[in-house]
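Input: a single structure, listed below in structure tokens.
Below, read A as the first sequence line, B as the second, and so on, with proteins coming before strands; counting in each chain starts at 1.
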Amino acid sequence: AQSVTQLDSQVPVFEEAPVELRCNYSSSVSVYLFWYVQYPNQGLQLLLKYLSGSTLVKGINGFEAEFNKSQTSFHLRKPSVHISDTAEYFCAVSRLGAQKLVFGQGTRLTINP
Amino acid sequence: NAGVTQTPKFQVLKTGQSMTLQCAQDMNHNSMYWYRQDPGMGLRLIYYSASEGTTDKGEVPNGYNVSRLNKREFSLRLESAAPSQTSVYFCASRKTGTYNEQFFGPGTRLTVL
């Protein structure tokens, strides 16, 4: 079975500072990896995904993530955050061909002016 | 395209009351899902439907039933609501044959008193 651990429940940063949200996963088989974002009082929307190929994945709103198979990690980064990035971020994993996504516990990103 | 829609947006129930949460998607997706979101626990899968006419239990199915009414609609029923079912409920859908990217509805915030 797959599992996902988001290492920080809350991350406060100042506006225009860089940020990294950490995600580790556990799986004995190949997986797909996802980051979703949830803005206040909204549903989840896909930020980016890793399926195969290049380990550096670029997503929407200037976010990117790097797949590291040896470390079983998929950390999310942004070089300069904006107030509008305030949201909760979820890492998720899926076994290839599986019906189900397994989500991490979420990381709340707070941007201070 | 409306994507995934959910009704109602908010609901307050008394312990023991029943209700049905409605979900519909207009993307011609085969698979549909019901999750609940609780603070610090991420999203947990309640039930899913891989295709019209099939349903399967997820991680936390106790106290819930589902109906896949047709390809578009997937409802979640609470027969006798309990305070432990206070949560935000999300419906999602995905297209079969692709990697497991799921599209989410806006959620239903349920409070059971």
Side-chain angles (χ1 to χ4, degrees), chain A residues 1-11 21-27 29-53 57 59-60 67 74 87-108, chain B residues 2-7 9-10 21 23-25 27 29-51 54-61 66 68 74 87-109:
Chain A
Q2 291 75 47
S3 66
V4 178
T5 302
Q6 290 183 243
L7 297 160
D8 305 291
S9 59
Q10 295 188 64
V11 173
L21 306 183
R22 299 180 293 167
C23 172
N24 285 99
Y25 69 94
S26 172
S27 177
V29 298
S30 295
V31 295
Y32 297 138
L33 291 155
F34 305 83
W35 275 99
Y36 281 84
V37 60
Q38 183 183 30
Y39 298 108
N41 299 312
Q42 294 186 28
L44 279 72
Q45 55 183 278
L46 185 68
L47 205 52
L48 51 78
K49 57 185 179 281
Y50 172 78
L51 308 179
S52 64
V57 179
I60 61 172
F67 170 60
F74 190 53
E88 189 149 22
Y89 293 79
F90 292 94
C91 183
V93 64
S94 171
R95 180 172 50 83
L96 274 60
Q99 280 287 337
K100 295 181 278 188
L101 273 175
V102 176
F103 284 87
Q105 303 90 329
T107 297
R108 188 170 298 276
Chain B
V4 179
T5 57
Q6 293 182 235
T7 55
K9 286 189 175 7
F10 302 93
L21 281 64
C23 173
Q25 51 90 12
M27 296 176 283
H29 287 173
N30 290 314
S31 302
M32 297 185 73
Y33 305 80
W34 276 106
Y35 293 90
R36 60 178 288 171
Q37 182 183 23
D38 302 291
M41 303 190 76
L43 274 76
R44 293 181 292 168
L45 184 64
I46 304 171
Y47 271 94
Y48 68 101
S49 171
S51 61
T54 69
T55 60
D56 283 288
K57 294 179 181 179
E59 185 184 351
V60 289
V66 291
R68 183 74 184 267
F74 188 39
S87 189
V88 182
Y89 291 86
F90 288 101
C91 178
S93 71
R94 81 169 182 102
K95 183 178 178 181
T96 300
T98 64
Y99 50 84
N100 204 346
E101 177 182 351
Q102 296 182 14
F103 295 82
F104 284 81
T108 295
R109 187 173 295 273

Inset, instruction - Please assess Q102(B) against Y36(A) for the test side chain to side chain contact (heavy atoms under 4.5 Å, CB included), listing each intermediate value before the final yes or no. - result: CA-CA 10 Å; Q102(B) 296 182 14; Y36(A) 281 84; 3.9 Å; yes
Legend entry - Taking every non-hydrogen atom, the tightest pair across F90(B) and Q38(A): CZ-NE2, 3.2 Å
Inset, instruction - Can you see which heavy atom on Q37(B) is nearest to which on F90(A), and at what distance? - result: NE2-CZ, 3.1 Å
Inset, instruction - With sequence neighbours excluded, tell me which residues meet side-chain contact (heavy atoms from CB on, under 4.5 Å) with C23(B). - result: V4(B), M32(B), W34(B), C91(B)
Can you tell which part of [X] gets under 4.5 Å to a heavy atom of chain B, answering side chain, backbone, both or neither?
X      : answer
Q45(A) : neither
S9(A)  : neither
L44(A) : both

For residues 95-105 of chain A, dump all side-chain donor-acceptor pairs below 3.5 Å to protein atoms at least two apart in sequence or in another chain.
from	atom 1	to	atom 2	distance (Å)
Q99(A)	OE1	S31(B)	OG	3.2
Q99(A)	OE1	Y33(B)	OH	3.1
Q105(A)	OE1	Q6(A)	N	3.3

Legend entry - Contact origin within L43(B) toward chain A - heavy atom pairs under 4.5 Å: both
Inset, instruction - Give the member of A92(B), G40(B), G107(B), P39(B) that has the highest number of heavy-atom pairs under 4.5 Å with chain A. - result: G40(B)
Legend entry - Euclidean distance, L46(A) CG relative to F103(B) CZ, rounded to 0.5 Å: 7.5 Å
Legend entry - Straight-line distance of K9(B) NZ to N41(A) CG, nearest 0.5 Å: 11.5 Å
Legend entry - Other residues, nucleotides, ligands: >12 heavy atoms within 6.0 Å of R109(B) CZ: no
